A.B. asks: 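Quick one: the structure is below, questions incoming.
So that the names make sense, note that chain A is the first sequence line, chain B the second, and so on, each numbered from 1. These figures come from a predicted structure and were not determined experimentally.
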Amino acid sequence: MDMGKIYNAKEVEKKWSKYWVENKTFSAKIDKNKKPFTIVIPPANVTGSLHMGHALNTTLQDILIRFKKLQGYNTLWVPGTDHGGIATQTVVEKLLKKEGKTKYDLGREKFLEKMWQWRSETGDTILDQLKMIGCGLDWDRVAFTMDKSRSKSVKKAFIQMFDKGLIYRGKKLVNWCSSCETALSDIEVEYEDEKSNLWHIKYPLKDSGGYVIVVTTRPETLLGDTAVAVNPSDDRYTNLVGKILKLPLVGREIKIVSDYIVDKSFGTGAVKVTPAHDATDNDIAKRSNLETIEVIDINGRMINVPEKYLGLSIDEARKEVVKDLEEADFLEKVENYSHSVGRCYRCSTKIEPLMSEQWFLNVGEMSKKAVDAANDEKTVFHPHSWKKPYVLWLENLRDWCISRQIWWGHRIPVYYCVDDNGGKNNCKSIASFEEPKECPCCKGSKFVQDNDVLDTWFSSALWPISVFNWGEDENNEDLKYFYPTSVLATGHEIIYLWVARMVQFGFEFMNDVPYKDIFIHGIVRDNHGKKMSKSLGNVVDPRDIIEKYGTDALRFALAQSAAPGRDMQISEESFLAARNFANKIWNASRFILMNLEGIDKVDEEIDPLELADEWIIAEFKNTFAKVKSAYNTYNIDTASRELYDFFWTKYCDWYIELSKIRMMSSDINIKKQVLSILVYILKSTLQLISPVMPFITSEIWQILNKNAKIIAESELPSLNFSESLDSVEKMKNIQDIIVKIRTLRSQMNISPAVQTEALFNILDDAKEKIAKENENYIKQLAKISTIYFGKNMERPKNSALVVAGSFEIFLPLEGLIDINKEKARLAKETALVRQEIERTTAKLNNDTFVKRAPKIEIEKVRIRLNAATFKITKINESLKFLD
RNA sequence: GGGCAGUUAGCUCAGCUGGAAGAGCAUUUCCCUUACAAGGAAGAGGUCGCAGGUUCAAGUCCUGCACUGCCCACCA
């Protein structure tokens with residue numbers, strides 16, 4: 001491919017994303033000689049298309065996979081999608097609505113057909129998008145939470161837990177979404193503050209004229225009250241406990257009970273108790289043995305209430321009840337009040353707590369194991385701070401409501417024995433893969449299956465097991481080899497919903513953790529720190545970024561700000577900067593390739609000849625170590641930044657620039673020698689960058705290596721040669737001189753085209769040697785024509801002064817500088833150096849510092865003071881000279 | 001109410017086990033120097049949220065406070 005001045009991302013990306021899939025670069029087979037490194041992808045909902053969160057999540061996983069592959073691991077990254085229960089069903093229901101239909105018009109069977117049809121049309125767009133961003137997934141192992149093998153796992157898991165007695169059916173208070181028409185688990189409810197009222201209601205005492213004032217945000221539930229509760233230590237009510245109240249509007253007699261949960265300081269300290277529609281009240285009812293009266297049904301209509309309220313909606317009932325209370329003088333007062341209200345995490349409808357017959361999973365035992373796993377570091381959070389909330393959540397867990405009253409999902413594999421008319425017989429229900437042939441109780445042969453489906457997170461919880469076909473064979477080789485997986489990468493928003501549950505199920509079914517590490521990354525926010533959402537209109541579509549800046553730029557920008565566990569703000573500029581980095585890589589490579597033209601072969605062995613060579617090798621070794629450790633500890637941001645810094649400011653700005661001296665040599669061997677190092681460092685750096693930016697690095701690697709293995713399958717260099725450590729120090733001296741001369745020239749407005757001479761007055765023989773040996777570097781980069789070294793050289797007229805290290809450097813600038821400007825410059829510098837002298841002197845005069853600080857620190861300060869003193873002497877001489 | 005993070009240059013963020021404040025973007029000056037103007041060279045810009053403490057030395061450790069964000073909670 002032609003290397004133009006500007007990197008053409010589109011063409012390159014198309015080529016390589018296709019290549020990896022077609023050549024099965026990332027397909028993994030069991031290889032007992034290699035260590036596996038396994039990740040299972042968090043399966044995206046089939047409703048979804050790629051958003052920034054996916055882009056981040058999958059980029060990070062891809063980086064881990066690609067880096068481990070370079071390190072020689074047998075890597076496997078399993079792709080897949082999730083059927084997405086409620087979320088997906090809602091989407092299709094909306095489509096139906098546009099046709100003026102509901103799911104009931106179609107019936108269950110036809111509706112499910114529609115769901116499957118819809119899934120097959122849109123289900124894999126997200127997978128295609130993962131291919132587009134270069135994910136090194138094993139495409140032979142694509143899984144879907146509702147495909148055959150996964151369904152088998154789900155059934156098997158259910159049946160095992162059912163038979164163990166962990167799964168049971170019961171009527172309990174659940175979270176009901178009247179819009180989705182289903183129960184939800186506790187974590188599927190999101191709480192949000194809402195402005196409302198606090199109604200103060202009088203509950204008259206049966207036997208006396210008095211009354212108790214009760215405070216509530218939900219007056220309509222009064223109709224279902226079965227008690228009023230007060231705190232046992234509340235003096236105001238001590239002699240009322242046990243007394244009978246007459247429930248306003250209803251007339252039912254209810255008791256005053258005491259319960260520790262009641263907060264004396266809230267409201268009047270007396271709480272109405274509605275066991276059927278409030279979790280706290282439900283608990284109180286259990287403790288005090290109260291009756292439970294349901295007054296709201298699953299359609300949000302009033303039931304079991306006086307005639308006039310029967311069938312009203314919750315809102316209507318509230319209005320009526322308040323009106324009637326007021327008219328009958330039961331209403332003491334109404335205050336404004338703000339409190340949090342539960343809403344459905346899928347449709348934001350207000351959640352109604354109500355009594356309902358549901359399936360529950362007893363998670364007590366598996367939770368304990370999941371907690372132990374974290375405490376024993378069998379599974380480790382990165383960053384560690386997420387462990388605590390995880391443990392706290394598991395320790396306070398109620399049983400999981402796993403049934404949903406929707407149609408799209410895994411139908412609960414429980415069968416009921418029925419008579420010829422479809423009426424349920426009084427036999428034991430059976431959990432089974434298929435419909436049973438014969439009822440073990442009554443020998444009947446007619447059955448109906450339970451109507452509910454499982455919570456979508458039930459199949460998600462099995463994911464690390466089910467992708468390896470546990471449902472079909474729990475002793476299969478893949479499971480043995482790849483499980484437990486190496487790491488789970490996910491955002492913190494689903495730690496409870498998903499992460500914790502996978503650990504629970506991992507122990508339940510495999511008696512082991514599902515992954516050794518849990519890598520928690522942040523959430524992508526917009527450049528104002530807001531969460532991206534469609535309703536806010538602040539969504540940045542990764543596909544637009546890819547279109548504008550290229551996939552590598554997208555990936556680099558995300559990687560570079562992915563500090564573990566921290567949310568990130570990302571803006572257009574960061575993608576632009578990343579795009580520029582890609583272009584920089586491209587052009588540096590282009591420079592080297594241009595110089596390789598006409599040269600048949602460059603040494604693979606590197607053989608440093610001079611300071612710059614030794615320096616860049618030492619710097620690279622250092623970078624290599626840092627980057628490797630950063631990748632391996634999930635500090636992807638650190639790795640990215642280190643690479644950026646090394647490549648741009650060390651390799652390009654200094655080494656390539658210095659290499660030009662030898663590149664221009666007429667001696668081909670000298671040119672080849674520097675090229676071999678240029679190529680070696682470039683190739684190795686490309687390898688390290690390749691996990692983050694796989695496209696551009698693959699392309700350049702291929703141009704550079706022609707027929708060799710692609711970069712993704714290459715091996716990292718062993719770097720088993722020694723580096724010269726003092727080269728870094730020496731180079732620093734040279735760089736200091738160059739930068740100072742450049743600064744002076746810049747301040748004097750001397751054109752880069754103008755070459756000047758320089759006189760180096762030397763005070764330190766060792767430093768003289770370094771400068772003399774590398775005078776070419778100074779000449780090349782500071783635009784100096786000739787350097788005169790000497791001792792006590794006389795200062796030329798009309799020259800400027802540079803003090804660098806132990807050199808006093810004069811630049812004769814006849815006609816180029818304004819003497820007054822030079823004087824002003826030196827005066828300004830004097831002020832700075834004086835400050836330095838004061839600071840360091842003060843330190844050295846501090847007895848306790850000299851007594852207690854380590855020698856090396858004292859020595860450093862002394863060196864600084866000497867340097868400053870030297871500098872100020874030279875500046876003063878210079879100022880005198882100029883006068 | 002509890003927990004967790006954060007507060008460093010105009011903006012977005014680095015600063016590991018305490019020893020002279022860093023990057024990118026934006027900004028100013030000079031430069032189309034044959035890898036790159038999506039670039040190069042140089043400059044300006046910070047009492048590191050506040051208050052104490054430990055230490056010879058604190059952005060870095062400890063305590064308290066303030067503010068911001070997130071999560072959890074049985075906010076009637």
Side-chain angles (χ1 to χ4, degrees), chain A residues 3 5-7 187 191 193 198 214-218 221 229 259 261-263 266-274 278-284 337-340 383 385-386 388-389 392-393 396 492-493 495-496 522-523 525 527 529-531 549 553 560-561 563 565-574 576-595 626 635 637-638 641 644-645 649 652-653 656-657 660 739 742-747 749-753 781-783 836 839-840 843 846-854 856-858 860-861 864:
Chain A
M3 289 197 89
K5 269 192 178 186
I6 285 175
Y7 167 59
I187 22 173
Y191 291 88
D193 266 0
L198 207 49
V214 147
V215 163
T216 184
T217 53
R218 300 207 53 190
T221 61
D259 196 287
I261 208 84
V262 179
D263 178 0
F266 190 95
T268 58
V271 195
K272 62 194 264 325
V273 181
T274 323
D278 184 280
T280 315
D281 293 4
N282 199 269
D283 290 343
I284 297 175
Y337 186 65
S338 178
H339 68 131
S340 82
S385 53
W386 284 105
K388 199 170 167 184
L392 277 175
W393 185 77
N396 294 296
H492 51 71
E493 72 274 17
I495 289 181
Y496 310 135
I523 292 168
R525 300 175 178 279
N527 52 351
K530 291 236 165 69
K531 208 167 163 174
Y549 304 107
Q560 187 236 34
S561 33
R566 289 195 47 191
D567 290 354
M568 58 188 79
Q569 284 180 228
I570 206 134
S571 62
E572 194 88 6
E573 287 84 51
S574 55
L576 190 101
R579 192 271 317 258
N580 293 351
F581 182 46
N583 200 236
K584 189 76 182 177
I585 297 171
W586 185 254
N587 277 293
S589 310
R590 200 164 71 96
F591 169 77
I592 289 161
L593 281 152
M594 280 165 64
N595 280 289
K626 280 195 207 159
N635 292 294
D637 57 328
T638 308
R641 267 193 300 268
Y644 182 98
D645 180 61
T649 68
C652 291
D653 290 350
I656 288 189
E657 289 310 318
K660 287 176 181 173
V739 168
R742 279 169 170 175
T743 305
L744 175 88
R745 290 177 53 114
S746 175
Q747 281 170 349
N749 281 339
I750 299 164
S751 159
L781 296 187
K783 311 286 177 192
E836 172 75 352
R839 262 201 310 260
T840 45
K843 267 198 162 180
N846 183 341
D847 281 351
T848 40
F849 173 72
V850 179
K851 233 188 284 173
R852 300 202 186 167
I856 199 167
E857 290 305 325
I858 302 168
K860 272 191 202 163
V861 177
R864 278 166 56 195

A.B. asks: Using Watson-Crick or G-U wobble geometry with both distances under 3.5 Å, which nucleotide pairs with B:C67?
C.D. replies: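 Across all strands, the one nucleotide that pairs with B:C67 is B:G6.
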A.B. asks: Regarding A:Lys584 and the six-membered ring of A:Tyr644, is the cationic atom NZ or CZ under 6.0 Å from the ring centre and inside 45° of its axis?
C.D. replies: no
A.B. asks: Would you tell me whether A:Asp653 and A:Thr649 have side-chain atoms, one donor and one acceptor, within less than 3.5 Å of each other?
C.D. replies: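 Result is no, nothing qualifies.
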A.B. asks: Just the rounded figure in Å: distance from C1' of B:G24 to CG of A:Leu576.
C.D. replies: 11 Å
A.B. asks: Determine the Euclidean distance between corresponding C1' atoms of B:G52 and B:U29; express it in Å to zero decimal places.
C.D. replies: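 Result for the C1' pair: 45 Å, nearest Å.
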A.B. asks: Measure from the side chain of A:Asn580, starting at C-beta and using heavy atoms only, and say which of B:G39, B:A35, B:A76 lies closest.
C.D. replies: B:G39
A.B. asks: Between A:Ser385 and A:Met594, which is nearer to the 5' end of RNA chain B once each is assigned its nearest nucleotide?
C.D. replies: A:Ser385
A.B. asks: Give a yes/no on whether any side-chain N or O of A:Ser751 is located under 4.0 angstrom from OP1 or OP2 of B:C30.
C.D. replies: no
A.B. asks: When you get a sec, tell me which of B:A14, B:A76, B:A35 is the closest nucleotide to the side chain of A:Arg566?
C.D. replies: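 The closest nucleotide is B:A14.
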A.B. asks: To the nearest Å, how far apart are A:Lys626 NZ and B:A23 C1'?
C.D. replies: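 These atoms are roughly 13 Å apart.
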A.B. asks: As a test of understanding, state which of A:Ile261, A:Asp259, A:Val271 forms a side-chain contact (heavy atoms from CB on, under 4.5 Å) with A:Thr280.
C.D. replies: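 Testing each of A:Ile261, A:Asp259, A:Val271 against A:Thr280, the sole residue satisfying side-chain contact (heavy atoms from CB on, under 4.5 Å) is A:Ile261.
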A.B. asks: Taking A:Arg745 for the side chain and A:Lys783 for the main chain, is one N or O donor matched with an acceptor at less than 3.5 Å?
C.D. replies: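 Flag set: sc A:Arg745 to bb A:Lys783 pair under 3.5 Å.
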